[in-house]
Number of protein chains: 2
Amino acid sequence: MKCPSYNIFFETISTPIRLQIIDFLNDGAKNVTEICNHLNEEQSKISHNLKSLAGCHLLIVEKRGKHRYYSLNEDTVVPLLRIVEEHVAKYCCGECKVTVKAKR
Amino acid sequence: MKCPSYNIFFETISTPIRLQIIDFLNDGAKNVTEICNHLNEEQSKISHNLKSLAGCHLLIVEKRGKHRYYSLNEDTVVPLLRIVEEHVAKYCCGECKVTVKAKR
DNA sequence: ATATTATATGATGGGCACTTCATATGACCT
DNA sequence: AGGTCATATGAAGTGCCCATCATATAATAT
């Protein structure tokens, strides 16, 4: 398991695809196939990125039969996104490509 | 000015050198030379990285004479680091290389 | 106005993370 | 056991961020 030092932690949460995954998981646990379909991305790509996120404990994995359901580590991710959302609302110049809403 | 979309925001805060800068600024505003000396790094390297951080409004710049003092945008950075510090304390396996303490 | 100190900016090259492709593992079914 | 679906893992290539080097700008002093 990768050690979540600060730079790895932020690096892991810093790519568009991983932010999109987090955004999708905002409304509950999803399995790999569901995530692939929703984001229209290759399965191996999603799996690799899920591994990074789970390795930093940003996501939690749960096995159900042959599926694996991933969900947010809400203790960390929800307040984190709330801070960034507020920051972006204050300072964003309007050219943002990736938007991720904090859970309410 | 760079637009702080989510991925750029996290990417900017994700490198060891920039985290070290933030850590050093925890106890107040510092000018470029002071930061260079403290981190023992080249001036242009520090300036480039300061520009990225300030571009995302993670740092605030203030001109005084021929110096430029950089300080944390505490509204965002302090609570952000507090969350990560808590997360790392829970999950870090002990191999962390970069440590940054949240301001108390 | 020239020198010196402080900081920023531009261009280039290398390292490395991410995607892709291929294959492996695991779970369930018949 | 064999087949199929679901997911993970390994290897390799490529794009891109960051450090470096060089130069430019800004401010003060003499």
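Protein chains get the first letters and strands the later ones, always in sequence-line order, with residue 1 at the start of each.
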Exercise. Out of D:dT7, D:dA19, C:dT9, which nucleotide sits closest to the side chain of B:Ile17?
Worked result: D:dA19
Problem set entry | A:Ser47 side chain, from C-beta outward: closest of D:dA22, C:dA17, D:dT7 | D:dT7
Whole Å only: how far is the [atom1] atom of [X] from the [atom2] atom of [N]?
| X | N | atom1 | atom2 | value |
| --- | --- | --- | --- | --- |
| B:Glu41 | C:dT7 | CD | P | 16 Å |
| B:Ile46 | D:dT20 | CD1 | C1' | 13 Å |
| B:Lys63 | C:dT7 | NZ | P | 12 Å |
| B:Phe10 | D:dC17 | CZ | C1' | 19 Å |
| B:Gln43 | D:dA26 | CD | P | 15 Å |
| A:Lys45 | D:dG10 | NZ | C1' | 18 Å |
| B:Tyr70 | C:dA6 | OH | P | 15 Å |
| B:Glu62 | C:dA6 | CD | P | 18 Å |

Problem set entry | Side-chain heavy atoms of B:Leu59 within contact of B:Val77, under 4.5 Å | no
For this session: Indicate whether A:His48 forms a stack on C:dC18; treat it as stacked only if centroid distance is below 5.5 angstrom and interplanar angle below 30 degrees.
Result: no
Exercise. Taking only side-chain nitrogens and oxygens of A:Asn49, does any of them come within less than 4.0 Å of OP1 or OP2 of C:dA17?
Worked result: no
Problem set entry | Short side-chain N/O contact from A:Lys51 to OP1 or OP2 of D:dT9, under 4.0 Å | yes
For this session: Please work out if B:Tyr69 contacts a base, only the sugar-phosphate, or nothing of the nucleic acid, heavy-atom cut-off 4.0 Å.
Result: nothing
For this session: Could you tell me whether B:Thr15 contacts a base, only the sugar-phosphate backbone, or nothing, with contacts defined as non-hydrogen atoms closer than 4.0 Å?
Result: sugar-phosphate
Give a yes or no on whether the backbone of [Y] and the side-chain of [X] come within a donor-acceptor separation of less than 3.5 Å.
| X | Y | value |
| --- | --- | --- |
| B:Asn73 | B:His57 | yes |
| A:Asp23 | A:Leu19 | no |
| A:His87 | B:Cys56 | yes |

Exercise. Quick one: on DNA chain C, does A:Gly65 or A:Glu42 contact a more 5' nucleotide (nearest heavy atom)?
Worked result: A:Glu42
Hey, what are the protein-to-nucleotides 2-6 of chain D N/O distances that come in under 3.5 Å?
residue, atom, partner, partner atom, Å
D:dA6, O3', A:Lys66, O, 3.3
D:dA6, O3', A:His67, ND1, 3.3

Exercise. Is B:Ile22 reachable from B:Val32 through a run of I, L, V, M, F, W or Y residues, each pair having side-chain heavy atoms under 4.5 Å apart?
Worked result: yes
Exercise. Can you tell which of B:Glu42, B:Gln43, B:Glu41, B:His48 makes a side chain to side chain donor-acceptor pair (under 3.5 Å) with B:Lys45?
Worked result: B:Glu41
Exercise. For DNA chain D, whose closest nucleotide is more 5', that of A:Leu50 or that of B:Arg18?
Worked result: A:Leu50
Problem set entry | Shortest non-hydrogen contact from A:Ser14 toward B:Asn7 | O-CB, 3.1 Å
